[in-house]
Structure formats: C-alpha cells, structure tokens
Protein chains: 2
Amino acid sequence: MTEVAQRAGVSTMTVSNVLNGRSQRVSESTRRRVLATIDELGYQVNMTARNLRVGRTGTVGLAVPGFSPDYYAELAAALGDRFAAHGLRLAVERTGASRAAELDALTAARLSSYDGFVLSVVAGDAADLEKLRVDTPVVLIGERAVPARFDHVLMDNVGGARLATQLLIRSGARRIALLGGVVGSEESMPELRTRGYREAHDAAGLHVADELIVSCEFAVADGYAATRGLIDLGVAFDAVFALTDSSAIGALRALAETGRGVPDDVQVVGFDNVDHSRFTTPALTTVEPGNAEMADAICELLVERIASRPAPVPARVIMPQPRIVQRESTRRS
Amino acid sequence: MTEVAQRAGVSTMTVSNVLNGRSQRVSESTRRRVLATIDELGYQVNMTARNLRVGRTGTVGLAVPGFSPDYYAELAAALGDRFAAHGLRLAVERTGASRAAELDALTAARLSSYDGFVLSVVAGDAADLEKLRVDTPVVLIGERAVPARFDHVLMDNVGGARLATQLLIRSGARRIALLGGVVGSEESMPELRTRGYREAHDAAGLHVADELIVSCEFAVADGYAATRGLIDLGVAFDAVFALTDSSAIGALRALAETGRGVPDDVQVVGFDNVDHSRFTTPALTTVEPGNAEMADAICELLVERIASRPAPVPARVIMPQPRIVQRESTRRS
DNA sequence: ATGAAAGCGCTAACAA
DNA sequence: TTGTTAGCGCTTTCAT
C-alpha cells in the first residue's frame with residue numbers, strides 16, 4: 001500500500017480511503033489516479049492486516065463432524081446460502097466427531113479468523129464447553145446439554161423418534177429394529193432418539209426386545225452392516241427404524257440383497273429427511289426435523305449476535321417441530 | 001499478551017517464547033510462572049496478529065461448487081484427512097459453480113487467510129485465471145484448460161467415459177442414453193465425458209442417436225428427472241451412462257419406478273465411484289477415476305509448494321488412470 | 001480534501 | 001536466560 005501511495009504521490013491514508021469507498025474524503029481526480037496506480041501495480045489489500053486492525057473478517061465458521069452422513073453436507077450447504085445472503089462467507093471445518101477437535105474448534109485462536117462460529121456438538125459435553133472463554137459469537141447445534149450462555153439450535157429428537165415409531169406401530173409393526181440405538185441417559189442424539197422409540201412402545205403397551213436395539217454408526221455403510229448383522233444372527237423383525245436416513249439407506253440395501261420386500265416384509269423409517277431419501281427404491285419414509293427452520297434460526301441468531309456485539313443478548317434455544325414424511329418404505333395404515 | 005507479561009513480571013518476548021515452546025530460551029521457573037499467569041488470565045494468542053507477523057496461518061482452503069454431487073463432499077473429506085496429517089487444517093468454501101465465485105476464491109484478499117489453496121474449477125476458464133496474480137500456492141482441480149503455471153490435478157474424463165461406454169457396448173447395449181451429455185468442444189467435464197462416449201461408439205462402429213444425449217445436471221434429483229423425461233418422451237434405450245454416480249442413482253430410481261429392470265432391461269453405469277454407489281439396489285457399476293491418487297497428489301503438491309515457497313518449482317499436471325468397478329447394474333459379458 | 005502520527009498484537013533480530 | 005527495538009500492513013484520530 002505504501003508503494004501505491006508513493007507512486008501515486010499521496011499518503012497511504014488516501015489510498016485507504018479510496019479502497020474503502022470513502023468518496024467524500026477524496027477528490028475525484030486523486031481517486032482516479034490512485035485507482036490507476038493500484039491497477040498498474042496489481043495491488044491487493046492484505047486482509048490479515050486489515051482484520052488485525054478492524055477486528056472483522058467477513059467469514060463465519062462451521063464445524064461439523066464430517067460430510068457423512070449426508071445430513072451435515074446439506075446443513076453446510078443450507079447455511080452457506082443463508083450466510084451469503086447476509087454478505088458473510090462460510091468456511092466449513094470437520095471435527096471428525098472427536099471431542100478434542102470440537103473444543104479445539106472453539107479455541108479463541110481459531111475463532112479469531114471468524115466473525116462468528118457455528119459448532120455442531122456431538123462429542124463434547126457441557127463441562128468442556130463451560131470452561132471456554134469465547135469472545136466470538138457462537139451458536140451451538142446438536143442435542144447435547146450445553147451451557148446456558150450459548151445460543152442453541154436443536155431438533156426434537158425424542159419427539160421425532162416417537163413419531164416414527166408410532167407410525168410403524170400403527171401400520172402393524174411389532175418387532176422394530178432400532179439401528180443405532182443405545183442404552184444410556186446422556187443427552188446424546190442416539191440416546192434421545194432411543195428414548196422416543198421406547199416412549200412410543202410404552203404408550204402402545206408394547207414390549208421392547210433388547211436384541212432389536214443394535215449399535216450402528218450413521219453412514220450408509222454402517223446401516224448396511226448393522227442390518228446384515230441382524231439378519232445373519234437370525235433375529236426376526238418386521239420394521240427398521242434407523243437413526244439417520246443414511247443408515248436407513250444402507251438398511252434398504254441389506255434388505256433387498258437378502259430378498260426381503262419393503263414395505264411388505266419389513267417397513268423402514270429414517271430420520272433427517274435428507275435429499276437422497278426421495279430417490280431410493282422404495283422411497284424412504286422419514287422424519288423431517290425442521291431442517292429449513294433450523295438453518296434459518298442458526299443464521300439469524302448468529303447474524304444478530306455479530307451485529308449486536310458485545311451487547312449481551314440473552315441466549316436463546318430453538319427447537320422446531322418435527323413431522324413425518326411418508327413415502328414408500330412404510331405401509332399406509 | 002502485554003498484560004500477561006506485566007503480571008508475570010517479564011517481557012512480552014518471554015511470554016511469546018513460552019507460548020511457542022522455545023524452551024531453550026526460557027528457564028523452567030519463568031516458564032512455569034508465565035504459564036500460571038496465562039492460565040489465570042485465560043489468555044489466548046491473537047492469531048490474526050501472529051499471522052500478520054509470520055505470514056502463515058496453518059490452514060489451507062478448498063473451494064468446490066458445493067457438497068452435491070457427493071463427489072465433492074467425499075473429496076473434501078479425503079483432503080481434510082490428508083492435510084491434517086501434515087498439521088494443516090482445511091476450510092471448505094462453496095462456489096456454487098459460479099464463475100465469479102471461483103475467481104473470487106482466488107482473490108489475494110481471500111487467499112491471505114490461507115497458506116495454500118485448492119480450487120475446483122468448473123466454470124472459470126483459462127483466460128480468467130491467467131489474469132490473476134497469486135502469491136499463495138494454489139493447486140487447481142477439474143478438467144478445464146488451465147494456465148500452465150498452476151499445478152493441476154485432473155481425472156481422465158475421456159478415458160473413463162470410453163471405458164464405461166465400451167463395457168456397456170460389450171455387454172450388448174446398443175442404445176445408450178447419456179445423462180448430462182453435451183455437444184461442444186470446450187474442455188469441460190461434460191464435454192470430455194461425452195467425447196469418451198462417442199469415441200467408444202466410433203471404435204465399435206456404432207452410430208450415436210442424438211435423442212439419447214440428454215442434458216442433465218449432476219445431482220440425484222437431476223438424474224431422476226432426466227431419465228423420467230426420456231421415458232415420458234417414449235425414447236427407447238437399453239442402457240444409461242450417467243455422467244456422475246449421483247445422477248445415476250437418480251436414474252435407478254426412475255427406472256425402478258417405471259418398472260424397468262436393471263440390468264436386464266436397462267444397464268446403468270455411473271462415474272466417480274462415490275461411497276454411496278455400493279449400496280444402491282442394484283449396486284452401481286461405475287468408473288473409479290482414481291480418487292485416492294488424486295487426493296494424495298493434491299495434498300502432496302500443495303504441501304510441497306507451501307514448503308518451498310517461493311522457490312519456483314515448475315508446475316505439474318497429474319492425471320491418474322481410471323478403471324471400471326463392475327457391480328450389479330450391468331450384465332457380466 | 002489530504003496527511004502525520006499512533007498503534008492493533010505479535011515475533012525476528014539483536015543486545016545485554 | 002531475558003529484554004529492547006522495530007515493524008508486519010492497515011485504519012483511526014486528529015491536524016492541516
């Protein structure tokens with residue numbers, strides 16, 4: 001910049017003013033001359049320096065476990081669009097669902113390259129987060145219990161799982177395999193969805209057979225393997241509730257491969273209403289957790305907090321209402 | 001930092017040394033005291049300032065059109081792992097396949113937050129890129145013709161498409177629909193793959209019927225719509241070569257929905273060997289373009305260039321050999 | 001309308 | 001082993 005200034009015979013201040021469109025502070029003729037020089041030298045402002053000075057970067061960060069299951073990729077895309085509408089860029093980082101990486105993502109060091117940050121918490125817990133001192137606006141997503149001072153957007157896991165299970169029961173299922181189910185009382189996504197599954201059974205006066213609850217990660221390959229496992233073990237079931245659409249898609253494959261008809265022999269329900277679920281054969285019945293509302297909320301919360309910084313708006317919690325999207329993998333009751 | 005220094009009764013330099021683990025330059029006792037003070041104050045280094053000073057950020061950027069088709073999400077994940085092994089973080093940005101956004105991504109302003117950058121070029125052309133003056137190491141991916149001064153990693157689109165089409169012809173297909181095919185002689189991905197398709201036909205002495213070449217974007221929904229379109233128009237075909245696995249998956253759905261058996265009535269081949277393609281019903285035969293090699297190459301190229309900056313290593317071009325992965329959507333010939 | 005001075009938070013280079 | 005000086009490239013403030 002100094003070089004431009006010298007060459008144009010003005011001060012760096014004037015160059016700065018030109019670059020920042022402070023047109024009232026610089027005459028048209030100088031403006032032209034400076035612009036010409038900038039062009040001639042191919043000069044580009046150094047963002048790092050500007051950020052240091054101004055304390056803003058124009059980008060927000062998003063940390064998710066990864067791009068699989070598809071849910072996260074779609075979330076990233078949805079948020080990217082929304083932030084773009086506010087003139088903010090979105091940079092996506094992966095935590096690999098590791099607790100260390102999640103905390104690391106919130107480290108002030110990292111945060112200092114962002115104006116705001118969205119963290120998907122799947123492994124960290126409240127105690128970890130509590131310790132952090134964060135000056136950058138942050139909104140948390142995910143179902144973990146979370147310190148009250150953070151804005152928090154989450155889905156109704158229990159409610160959604162209850163809906164899915166009820167639908168299955170209503171259409172005649174009595175032995176519903178739960179792919180990714182766990183026992184435990186933490187507030188993690190699998191535990192919450194398992195709770196919904198149990199609640200629906202209880203409400204219908206049905207017993208849950210423990211062998212139907214199988215552990216399973218959330219990608220397509222995992223759903224496939226878990227379902228094959230169940231079949232190979234000879235466990236009987238007439239429905240599958242998979243904790244994610246991706247694992248449901250894997251289940252569909254395992255079922256087809258072993259000659260079980262869906263939905264006639266086995267009904268299948270997923271969770272997330274991922275784009276892909278419309279195009280499987282049969283098309284997947286699933287729980288729509290309110291993806292659009294959540295993306296809207298995340299964006300609005302963060303944008304507002306960035307704008308009002310550091311005025312301490314009280315933290316908010318947002319949880320949209322889930323609903324069932326019925327397609328072909330379940331029977332109409 | 002100044003605050004820490006004062007409080008601990010040392011100079012900022014000593015604090016800096018402690019933070020950067022320059023253990024030889026600071027006594028154990030001071031180190032302890034400084035660390036205690038840091039902890040007490042909850043101090044965190046300001047990365048923006050450090051970056052300004054040292055000119056490195058420890059993160060590399062990746063710009064892709066989006067996370068759909070899945071190919072990009074998987075690429076991002078693969079690169080994330082590899083860069084992590086080199087102690088580099090990966091931040092992913094979306095260009096939405098817009099030419100402006102692609103060029104924008106390479107703007108020095110943006111680049112200055114990264115030590116290196118990977119850009120997937122799908123819309124920009126050589127002339128655009130030629131103009132850019134970039135001081136950050138960049139590797140380009142994608143099939144567009146690209147200025148020679150950039151490292152460039154690409155897949156053999158023509159060869160892969162030829163392989164896929166040959167396979168189809170060999171197993172009896174005579175009317176192969178090309179989903180996403182185009183006429184044109186630019187070096188874009190669709191044009192290249194279309195060329196491979198034609199070459200295979202020519203080599204077998206087969207005529208290409210123009211009505212079989214249908215335009216189609218690359219996501220699942222697009223493949224579905226295009227295939228439905230073909231069917232609704234009453235165009236006869238005995239095979240589908242989809243330009244991406246994602247669109248092939250959509251085609252599978254359209255075929256199933258209209259009662260066509262795969263591979264008996266219609267064979268289907270995709271391109272990319274996306275994770276998902278193993279789990280469709282039937283499992284998708286596809287072209288594996290050398291994803292792992294490409295990710296390795298991208299990472300190595302960039303890391304090397306970052307390390308050797310600014311020594312001008314000559315630009316390199318890397319194109320792995322594609323191969324067919326035969327699964328259930330084609331007939332064994 | 002333009003410029004000079006000061007300093008954002010940090011580290012390289014040198015001095016003590 | 002520790003401290004001092006200078007300056008990364010920019011913008012804010014205040015003077016001209």
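Note that the coordinates shown come from a computational prediction; the quantities given were computed from them, not determined experimentally. To find a chain, count down the sequence lines: A is the first, B the second, and so on, and within it residues start at 1.
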Starting from P on C/dA12, measure out to CE on B/M1 and report it in whole angstrom.
10 Å
From the options C/dT2, C/dC10, C/dT11, select the nucleotide whose nearest atom is closest to the side chain of B/N20.
C/dT11
Given A/R316 and A/E300, is the salt bridge (Lys or Arg N to Asp or Glu O under 4.0 Å) satisfied, shown in steps?
CA-CA 11 Å; A/R316 289 143 299 180; A/E300 272 163 31; over 6 Å; no
If you pin B/A49 and B/V26 to their nearest nucleotides in DNA chain D, which one's is more 5'?
B/V26
Rounded interatomic separation in angstrom, taking CD1 from B/I38 and P from C/dC10
10 Å
Flag if over 12 foreign heavy atoms under 6.0 Å of CD, B/E28:
yes
Is B/R53 close enough to D/dC10 that one of its side-chain N or O atoms is under 4.0 Å from OP1 or OP2 there?
no
Please state how far atom OH in B/Y43 lies from atom C1' in C/dG9, giving the value in whole angstrom units.
7 Å
Nearest-nucleotide 5' precedence on DNA chain D, B/R33 against A/L52:
B/R33
Closest approach to the side chain of B/R25, judged atom by atom: which nucleotide of C/dT11, D/dT2, D/dC10 is it?
D/dT2
Listed nucleotide nearest any side-chain atom of B/R22, set D/dT2, C/dT11, D/dT11:
C/dT11
Looking at the rings of A/F67 and B/F67, which for Trp means the six-membered one, are their centres under 6.0 Å apart?
yes
Among C/dT2, D/dT1, D/dT11, the nucleotide that comes nearest once only the side chain of A/R50 is considered:
D/dT11
Selection from D/dT11, C/dT11, D/dC10 that lies nearest to any side-chain heavy atom of A/N46:
D/dC10
Does either side chain, that of B/T48 or that of A/N51, offer a donor lying less than 3.5 Å from an acceptor on the other one?
no
On the nucleotide C/dT11, are OP1 or OP2 found under 4.0 Å from the side-chain N or O atoms that B/S16 carries?
yes
OP1 or OP2 of C/dT2 less than 4.0 angstrom from a side-chain nitrogen or oxygen of A/S27, does that happen here?
yes
Could you tell me the separation between the CG atom of B/L19 and the P atom of C/dT11, rounded to a whole number of Å?
7 Å
Please tell me which of the listed nucleotides, C/dA13, D/dT2, D/dC10, lies nearest to the side chain of B/M13?
C/dA13
Figure out the CD/P separation between B/Q6 and C/dC10, and round it to whole Å.
13 Å
State whether A/T12 places a side-chain N or O below 4.0 Å from either non-bridging phosphate oxygen (OP1 or OP2) of C/dG3.
no
Roughly how many Å is it from CD in A/Q24 to P in C/dA1, rounded to a whole number?
8 Å
Flag the pair B/E102 and B/R99 as a salt bridge only when some basic side-chain nitrogen lies within less than 4.0 angstrom of an acidic carboxylate oxygen.
no
Regarding B/E40 and B/T37, is there a side-chain donor-to-acceptor distance under 3.5 Å anywhere?
no
Tell me: CG of A/N17 to C1' of C/dT2, nearest whole Å?
9 Å
Categorize A/T30 for me: base, sugar-phosphate, or nothing, with a 4.0 angstrom heavy-atom threshold over every strand shown.
sugar-phosphate
Taking atom C1' of D/dC10 as reference, at what distance in whole Å does atom CG of B/N51 sit?
15 Å
